[in-house]
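Okay, structure first, notes after.
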Amino acid sequence: MTSIISALLLIGSIISLVSCDLFEKGQKPKTELEKLPPATQEGKNTFGCLVDGKAWVTRTSIDAQAFYQEGVFSMSAEVISSGIDQGIGFILLESDLQEISYALTSPSDRFAQFDDAIINCVFQTFTNSGTLTITKFDKMNFIISGTFDFEAYSSACDKIVKITNGRFDLNYAP
């Protein structure tokens with residue numbers, strides 16, 4: 001009797017595992033855009049974008065930081081893959097930061113940069129090559145959220161990188 005029950009439990013387990021495996025194989029893989037974090041405005045400490053069409057997303061809440069102090073807004077994020085670092089950074093010199101779109105007008109007072117240690121290139125925005133839009137700037141709860149898109153050029157590598165569909169939802173340090 002116990003061997004019959006054991007056999008039935010074993011068969012049930014095998015059927016369960018096979019059906020789970022079939023279900024997973026039947027799922028459609030996520031697009032690069034679907035791999036990005038949702039565009040929230042709650043201080044969830046998320047940061048992501050597409051870099052030349054590939055998802056680029058921070059893994060932990062300490063991989064992205066934002067500061068707004070004495071009229072300088074800075075934000076940076078990093079992704080480490082196989083021990084090699086890539087980073088995105090922004091600087092806005094704005095004495096009165098607001099919920100608006102800012103043109104990235106490097107080398108002036110608003111610019112973005114993409115550092116790629118994989119190919120040993122530093123990419124910087126050039127005149128009017130993108131925007132950073134602040135959709136939430138909560139001075140009481142220290143939350144800053146928004147979107148960004150830009151193109152940046154590396155003279156050392158003679159290459160342009162395209163950063164699109166960027167989004168961030170961070171707690172910032174005042």
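Please read these numbers as outputs of a predicted model, since none were measured by experiment.
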| By side-chain contact (heavy atoms from CB on, under 4.5 Å) - contacts of Gln65 (at least two apart) | Phe67, Ser76
| task | Applying side chain to side chain donor-acceptor pair (under 3.5 Å), name anything that partners Gln98, two or more places apart in sequence or on another chain. | result | Asp96
| request: Under the side chain to side chain donor-acceptor pair (under 3.5 Å) rule, collect the residues that match up with Asn120, sequence neighbours excluded. | output: none
| Does any non-hydrogen side-chain atom of Thr58 lie less than 4.5 Å from one of Thr46? | no
| Would you say Thr131 and Leu104 make side-chain contact, with heavy atoms under 4.5 Å? | no
| request: First locate atom CD of Glu70, then atom OG of Ser95, and finally report the distance between them rounded to the nearest 0.5 Å. | output: 12.0 Å
| message | Is any side-chain heavy atom of Leu50 closer than 4.5 Å to one of Trp56? | response | no
| task | Would you please indicate if the ring centroids of Phe111 and Phe126 are separated by under 6.0 Å? | result | no
| note | OH (Tyr68) and CD1 (Ile144) are apart, to the nearest 0.5 Å, by 9.0 Å
| query | Applying ring pair (Phe, Tyr, Trp, His ring centres under 6.0 Å), which residue pairs with at least one partner in residues 74-97 are found, sequence neighbours left out? | reply | Phe90-Phe148, Phe90-Phe150
| OG1-CD1 distance between Thr125 and Ile163, expressed to the nearest 0.5 angstrom | 11.0 Å
| query | Partners of Pro174 by side-chain contact (heavy atoms from CB on, under 4.5 Å), sequence neighbours excluded? | reply | Phe142, Tyr172
| Contacts of type side chain to side chain donor-acceptor pair (under 3.5 Å), residue Ser74, not counting sequence neighbours | none
| Derivation of the side-chain contact (heavy atoms from CB on, under 4.5 Å) call for Leu97 and Tyr102 | CA-CA 10 Å; Leu97 199 63; Tyr102 293 93; 3.7 Å; yes
| query | Which pair of heavy atoms, one from Ser154 and one from Cys157, lies closest together, and at what distance? | reply | OG-N, 3.1 Å
| query | Do Gln113 and Val122 come within less than 4.5 Å of each other through their side chains, counting heavy atoms only? | reply | yes
| field | Val57 with Ile88, same ILVMFWY side-chain cluster at under 4.5 Å | value | no
| message | Set out, in order, the CA-CA distance, both residues' side-chain angles and the distance that settles side-chain hydrogen bond (donor to acceptor under 3.5 Å, both in side chains) for Asp149 and Asn165, then state yes or no. | response | CA-CA 6 Å; Asp149 290 277; Asn165 298 96; 5.5 Å; no
| Residues clustered with Ile62, ILVMFWY side-chain links under 4.5 angstrom | none
| said: With heavy-atom distances below 4.5 Å as the criterion, would you say the side chains of Phe47 and Met75 are in contact? | reply: yes
| Which residues satisfy the side-chain contact (heavy atoms from CB on, under 4.5 Å) test with Asp158, sequence neighbours excluded? | Tyr153
| request: Supply the atom-to-atom distance Ile118 CD1 to Ile84 CD1, rounded to the nearest 0.5 angstrom. | output: 5.5 Å
| message | If I take atom NZ from residue Lys30 and atom NZ from residue Lys35, how far apart are they, to the nearest 0.5 angstrom? | response | 9.0 Å
| query | Of all residues at least two apart in sequence or in a different chain, which pass the side-chain contact (heavy atoms from CB on, under 4.5 Å) check with Ile119? | reply | Asp116, Cys121, Phe123, Lys159
| remark: disulfide bond (SG atoms under 2.5 Å apart) pairs touching residues 37-82, sequence neighbours excluded, are none
| said: Is the shortest side-chain heavy-atom distance between Ile134 and Ile100 below 4.5 Å? | reply: no
| Does some side-chain heavy atom of Arg110 sit less than 4.5 Å from a side-chain heavy atom of Glu94? | yes
| field | Interatomic spacing from CG in Asn45 to CG in Asp63 - rounded to 0.5 Å | value | 10.5 Å
| How close do Ile91 and Leu93 get, heavy atom to heavy atom, and via which atoms? | CG2-CD2, 4.0 Å
| said: Working note: Lys136 + Ile143, criterion side-chain contact (heavy atoms from CB on, under 4.5 Å); need CA distance, chi angles, decisive distance, verdict. | reply: CA-CA 7 Å; Lys136 181 173 185 165; Ile143 296 171; 4.3 Å; yes
Please list, one pair per line, the donor and acceptor atoms closer than 3.5 Å that link side chains of residues 36-44 to other protein atoms, with sequence neighbours excluded.
residue: Thr40; atom: OG1; partner: Asp169; partner atom: OD2; Å: 2.5
residue: Gln41; atom: NE2; partner: Thr135; partner atom: OG1; Å: 2.8

| Check: Lys162 main-chain N/O paired with Asp52 side-chain donor or acceptor under 3.5 Å | yes
| Contacts of Glu78 that satisfy salt bridge (charged side-chain N to carboxylate O under 4.0 Å, His left out) - sequence neighbours left out | none
